[in-house]
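Proteins get letters first, then strands, A, B, ... in listed order; numbering begins at 1 in each. Values in this document were obtained by computation on a predicted structure and should not be read as measured data.
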Amino acid sequence: MKIYNTLLSSRKPQNITPLDSQTVRIYSCGPTVYDHAHIGNLSAYIFADTLRRAIALAGFDVLHVMNYTDVDDKTIRRSHEEYPKLPAAEALKRLGDKYIAIFADDMRAVGNDVAAVEFIRATDAKTIWGMKDLITRLHAGGFAYIADDGVYFSIEAYRKSGKTYGQLLEVTTGNTSEARIQNDEYDKESAHDFALWKKQKDGEPAWDFELDGHGMAGRPGWHIECSVMSRQSLGQPFDIHTGGVDLIFPHHENEIAQSTALEKNPVMATIFAHNEHILIDGKKMSKSLHNFYTLEDLVQKGYDPLAFRLKMLQSHYRSQTNFTWEGLDAAGNLLQNLRAWADQKHQKAAHKAVASAPYASLLKEMLAASQDDLNMPRALKALADLAGKGEADGVDPDKIQPLLNVVDRLFGLRLAARPDITHAQKDLLAAREAARQQKDWAKSDELRAQLQSQGLNVRDTTSGPVWYRLAA
RNA sequence: GGCGCCUUGGCGGAGUGGUUACGCAGAGGUCUGCAAAACCUUUUACACCGGUUCAAUUCCGGUAGGCGCCUCCA
């Protein structure tokens, strides 16, 4: 199983070989829970979910952890807006609870297996303790310094210790943007230094912290959260760190620096895997550009969240995908066709003995593609071949279910457990067929209209009528 | 300004130094009482200009256009 590694030392698809030779340990940067996730956010988690699925199907055990960033500027600001009467800490907690619940619903809706992931909140007591502990040790080790508004990490100290700041991206003074230097409003010593801890400002929630005799009540910086949560839950180094390409720098670079400053081994994770962004009208989808959609927007327009998942799987995770309604329509139609294929398992008229060899080889290709840097478009081609063949030839009642089970484990499209139609609907179907046999076309068409009103269409085959469900 | 990436048929999107993926959509036809997501056929794609090669969409160089990161960000 190969996956592309963003680390400069690799920058190519790399074999996944778990450090403990058995369990692949994955850490995925999760959402900041201050608002609904947009579909670009969700695409990152569809990527992480699919990666875990492919690794598991490749035969490894997997330990998958994802964090919730539930304390930062945005969450604090929003918590004041939504809960102005509550104390700051309580408001923040409530806001986190609310958007975590919404996020979890969105995750399930797009087919991500939430039960397979361990979620951790940045404000969990254990995480907070761990961050204070790490900051204290970084300070003692000379990698952190205290400024008026908080504690900062010193890139210079890190470099002087012989380690590389710039494992994911060449970092030089030459590629520091003018904006970053000019808009620098913090008390840090040099441009790339970043906050480990921020002192409390008026109205902000705060955790007690004393560092080297200084009262530092405040809150953690963003990067330190992931360093601590990943180590607490997975150990260090671990196998794969995922996130969107926007997190490559500075977030992941900073995580590496914090996580390895005090270690002999400068490796935080063996592989860093990043997904590309969704584009809208050729531009990155982002909250600041106001060109984003939430899952709710799609649902309100009548789209199935799984059609969005399928749309994402139709393009490679490392290529930018332009999001269009037309494209979502296409994915929705494909999803409907796949469901029609899967639903044939309930119908004798669509059953037919099929040789195992073609099923087996397509299954093999499907898995091979997923293990080749998560080439889901290629895997989907194999699935389409299989499903297309099924529609043409009928499905084998003995082989279809085990096959659907594997298809679901890889794609997460929920094709395996689709229910049969009701007895009443079966009776309608039989009555229509009887009318047809008697060439009572009027009655036959009337019964077909009835079925259609219940979302069922019928096609007449040489072995009898086969139903399929209309959209939704 | 620095670094990196991309450019494939109506749309989306794989892939390959020589044999027209795949999905969706359109057209024609088959089948059908009519239908049907069924079947067949079809719409002769690889930004542009050079180079390497027997042969380039595929390799190299350049041009144009686009995108991303360098600042919160999936």
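Side-chain atoms of A:Asp445 and base atoms of B:rG33 include a donor and an acceptor less than 3.5 Å apart. Residue-to-nucleotide contacts include no donor-acceptor pair under 3.5 Å from the side chain of A:Arg318 to the base of B:rC6.
A:Ile248 comes within 4.0 angstrom of no nucleic acid atom, judged by non-hydrogen atoms across all strands. Using a 4.0 Å heavy-atom distance criterion, A:His251 is classed as making no nucleic acid contact. Counting non-hydrogen atoms under 4.0 angstrom, A:Thr461 reaches nothing in the nucleic acid. Across all strands, A:Arg432 comes closer than 4.0 Å to base atoms (heavy-atom distances). When heavy atoms are screened at a 4.0 angstrom cut-off, A:Phe47 is found touching no nucleic acid atom at all. Residue A:Asp460 is classed as a base contact, given a heavy-atom separation below 4.0 Å to a base.
Regarding contacts with the backbone of B:rG15, a side-chain N or O of A:Asn375 is found under 4.0 angstrom from either OP1 or OP2. Residue A:Lys283 places at least one side-chain N or O closer than 4.0 Å to OP1 or OP2 of B:rC67. The side chain of A:Asn337 contributes an N or O atom lying less than 4.0 Å from OP1 or OP2 of B:rC24. Between A:Ser319 and the phosphate of B:rA14, there is a side-chain N or O to OP1/OP2 separation shorter than 4.0 Å. Side-chain nitrogen and oxygen atoms of A:Lys311 include none within less than 4.0 Å of the OP1 or OP2 phosphate oxygen of B:rC24.
In the model, A:Tyr317 has a side-chain atom that pairs as donor or acceptor with a side-chain atom of A:Asp373 under 3.5 Å. A donor and an acceptor atom, one from each side chain of A:Thr422 and A:Gln425, are located under 3.5 Å apart.
The gap from the C1' atom of B:rU57 to that of B:rC48 amounts to 14 Å, rounded to the nearest Å. B:rA35 and B:rG66: their P atoms are spaced 49 Å apart (whole Å). Only the C1' atoms considered, B:rU42 is 42 Å distant from B:rG4, to the nearest whole Å.
In this structure, A:Lys12 atom NZ and B:rG4 atom C1' are separated by 18 Å, rounded to whole Å.
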